[in-house]
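Structure, as structure tokens:
Positions are given from 1 along the sequence.
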Amino acid sequence: MRNRIKFGLTKSVLFGQPNLPHENIFTLNSKTIIIGGGLSGLLIGYRLKQLGVPFILLEARNRIGGRIYTKLTSNNTPVEMGATWFGNQHKQLKKLLKELKLDYFEQFIEGTSFFQPLSTAPSNAITLPSQAPSYRISGGTSAIIKALKKLVGEENIMLNEAVQHINFENNTVTTTSNKKYEAQRVILALPPKLWSTTIHFSPALPKKIKDTALHTHTWMETSIKVSLTYKAPFWRNNDQSGVLFSNVGPITEFYDHSNADFDKYALCGFVNAGFSKLDFTELKELILAQITSVFGSEAQKYSSYDIVDWNKETYTATKNQVPLYPHQNNGNEIYRTTFYDNRLFISSSEVASAYSGYMEGAVISSNEIIEKIKALIE
């Protein structure tokens, strides 16, 4: 896709700030702009490309993937700092993985697990009851992002482009870098609370959708994930599953995180969001003390330690105006509505008609958007 870049003078004022003397207007021959480079945005881009519909995808971060974030540690072990598991009920995600020729494997939970009920009592050794399997994507969850990126085409993805203004009076999208992108339609593929608090719309959004978005819980925004890698899976060697559930914290859930080929070994899980107030050094000391008390001194012999507090991720979390409960307004019917005469579409895991707040929801939401667009262009 060729870029036609126009340079000109402007006296327009946006958010009370004058535009730069030379304003870049990107007329990318694009009928569609996708805002957000997570699973939903990338999948929509892929499907639009299959339909032959020109588009451009704008991502605020310096990476794609959004809340799917597989980090390669210092010893090249892939650890999931974002979305991780799915189950047999997530049929649309599994169908997409098959289409992309991506394998997956079952989460390891065999052996002794542990439960910490009280701070005044030692951890209890438990045996987990039989349950439906959970799966992880081979090579890391980001494998699905890498596959979609290749299909979408790097030429259609613009990184470090945080959108601040969508103007449906002149069909432009303006970013914080003062670039303007022209398009006939816009797809919001990011959490509703995020776009409702960071993007200005002209004309203004209807009050009902604005209020609903402000009161929609963002999946992962209160999550803290921590991982530790090891040269050997000492827990498995001790007939342990690596699973820990705790009412005490800071870790609330912990799991074996070895890779599919079983040549890289890790433990990974969630930290109580209340510990977000601590600095990472103090929190690390508490985490190490906790896992040592549960798994023994071998837990101290880690190769790498990584932590991500999603509440501190600018392009994921935004401050709640009122307390929200988990999945509040996720899947709300209003998100199936299009706005501005079928020029604004809303996607993301949170807005899906089913399995909202999961990777499955992101896939379902993307498929729903594509069906709407197909109906308009046919």
Side-chain angles (χ1 to χ4, degrees), residues 14-16 35-36 38-41 60-61 66-69 81-83 162-166 168 176 186-225 247 249-253 270-280 283 307-340 344-362 364-365 368-369:
L14 183 63
F15 291 90
I35 302 175
L39 176 55
S40 178
R61 288 182 170 93
R67 289 164 285 178
I68 292 178
Y69 178 31
M81 307 311 290
V163 172
Q164 65 176 1
H165 189 195
I166 302 174
F168 287 102
T176 54
V186 175
I187 301 171
L188 296 170
L190 62 168
K193 186 156 63 73
L194 185 61
W195 53 252
S196 67
T197 56
T198 61
I199 299 177
H200 179 70
F201 294 83
S202 299
L205 280 170
K207 185 177 185 302
K208 186 174 182 181
I209 182 65
K210 176 81 170 180
D211 288 347
T212 303
L214 288 171
H215 294 84
T216 297
H217 176 258
T218 299
W219 168 57
M220 288 292 293
E221 76 171 345
T222 56
S223 295
I224 305 173
K225 291 200 73 175
N247 293 337
I251 292 172
T252 57
E253 298 179 34
F270 295 89
V271 173
N272 187 311
F275 286 82
S276 181
K277 299 175 183 178
L278 301 180
D279 65 60
F280 281 162
L283 181 54
I307 190 166
V308 172
D309 185 344
W310 287 93
N311 188 52
K312 296 176 181 177
E313 290 287 316
T314 302
Y315 299 118
T316 295
T318 52
K319 186 176 181 180
N320 292 333
Q321 296 187 355
V322 296
L324 302 179
Y325 58 80
H327 298 291
Q328 182 171 329
N329 275 321
N330 281 195
N332 193 296
E333 182 66 30
I334 197 170
Y335 294 124
R336 249 83 66 208
T337 305
T338 59
F339 299 89
Y340 302 103
L344 180 68
F345 299 78
I346 300 173
S347 185
S348 81
S349 176
E350 285 78 12
V351 310
S353 59
Y355 296 104
S356 51
Y358 297 89
M359 288 188 286
E360 174 79 356
I364 289 173
S365 176
E368 292 172 341
I369 292 298

Legend entry - Val351 and Glu368, any side-chain heavy atoms less than 4.5 Å apart: no
Legend entry - Heavy-atom check, side chain of Trp310 versus side chain of Thr218, under 4.5 Å: no
Legend entry - Contacts of Ala213 that satisfy side chain to side chain contact (heavy atoms under 4.5 Å, CB included) - sequence neighbours left out: Pro192, Trp195, Ser196, Tyr335
Inset, instruction - Mind checking the CG-CG spacing from Leu344 to Leu205? Nearest 0.5 Å is all I need. - result: 7.0 Å
Legend entry - Under 3.5 Å donor-acceptor, Lys225 side chain and Val308 backbone: no
Legend entry - Residue pair Thr197 / Lys319, side-chain heavy-atom distance below 4.5 Å: no
Inset, instruction - Return the minimal non-hydrogen interatomic distance between Leu214 and Lys193, and the atom names on each side. - result: O-CD, 3.5 Å
Legend entry - salt bridge (charged side-chain N to carboxylate O under 4.0 Å, His left out) against Lys207, all qualifying residues, sequence neighbours excluded: Asp211
Legend entry - Non-neighbouring partners of Pro323 that pass side chain to side chain contact (heavy atoms under 4.5 Å, CB included), sequence neighbours left out: none
Inset, instruction - To the nearest 0.5 angstrom, please state how far the CD1 atom of Ile307 sits from the CE atom of Met81. - result: 7.0 Å
Inset, instruction - Kindly indicate, with the supporting measurements, whether the criterion side-chain contact (heavy atoms from CB on, under 4.5 Å) is fulfilled by Ile166 and Tyr340. - result: CA-CA 11 Å; Ile166 302 174; Tyr340 302 103; over 6 Å; no
Legend entry - Contact summary for Trp219 and Ala83, nearest pair of heavy atoms: CH2-CB, 3.5 Å
Legend entry - Thr337: side-chain hydrogen bond (donor to acceptor under 3.5 Å, both in side chains) partners, not counting sequence neighbours: none
Legend entry - Side chains of Leu283 and Val271 in contact at under 4.5 Å (non-hydrogen atoms): yes
Legend entry - Listed partners of Ser348 passing side-chain hydrogen bond (donor to acceptor under 3.5 Å, both in side chains), at least two apart: Glu350
Inset, instruction - From the options Ile209, Ile187, Ile369, select the one residue that forms a side-chain contact (heavy atoms from CB on, under 4.5 Å) with Ile346. - result: Ile209
Inset, instruction - Apply side chain to side chain contact (heavy atoms under 4.5 Å, CB included) to Asp309 and list each qualifying residue two or more places apart in sequence or on a separate chain. - result: Ile224, Ser276, Phe280, Asn311, Lys312
Inset, instruction - Identify, with sequence neighbours excluded, every residue that meets salt bridge (charged side-chain N to carboxylate O under 4.0 Å, His left out) alongside Glu313. - result: Arg61
Legend entry - Residues which pass side-chain hydrogen bond (donor to acceptor under 3.5 Å, both in side chains) with Ser202, listed by chain and number, not counting sequence neighbours: His165
Legend entry - Rounded distance [0.5 Å steps], CD1 in Ile68 versus CG in Leu39: 4.5 Å
Inset, instruction - For residues Tyr315 and Thr198, determine if any side-chain heavy atom of one lies less than 4.5 Å from a side-chain heavy atom of the other. - result: no
Inset, instruction - Applying ring pair (Phe, Tyr, Trp, His ring centres under 6.0 Å), name anything that partners Phe275, two or more places apart in sequence or on another chain. - result: none
Inset, instruction - Could you list the residues that satisfy ring pair (Phe, Tyr, Trp, His ring centres under 6.0 Å) with Tyr355, not counting sequence neighbours? - result: His90
Inset, instruction - Inspect the surroundings of OH in Tyr358 and state if more than 12 heavy atoms from other residues, nucleotides or ligands are less than 6.0 Å away. - result: no
Inset, instruction - Measure up the His217 and His327 rings against each other and bin them: parallel (under 30°), tilted (30 to 60°), perpendicular (over 60°). - result: perpendicular
Legend entry - Sequence-distant partners of Ala354, side chain to side chain contact (heavy atoms under 4.5 Å, CB included), two or more places apart: Ile364
Inset, instruction - Please examine the side chains of Leu194 and Thr316, heavy atoms only from C-beta on, and report whether any two atoms are closer than 4.5 Å. - result: no
Inset, instruction - Assess whether side-chain contact (heavy atoms from CB on, under 4.5 Å) is satisfied between Val163 and Val186, documenting all intermediate values. - result: CA-CA 11 Å; Val163 172; Val186 175; over 6 Å; no
Inset, instruction - Not counting sequence neighbours, which residues clear side-chain hydrogen bond (donor to acceptor under 3.5 Å, both in side chains) with Gln321? List them please. - result: none
Legend entry - Gap between atom CD1 of Ile251 and atom CZ of Phe270 - 0.5 Å precision: 11.5 Å
Inset, instruction - With the side chain counted from C-beta on, respond yes when Arg67 and Pro191 share a heavy-atom pair under 4.5 Å apart, and no when they do not. - result: yes
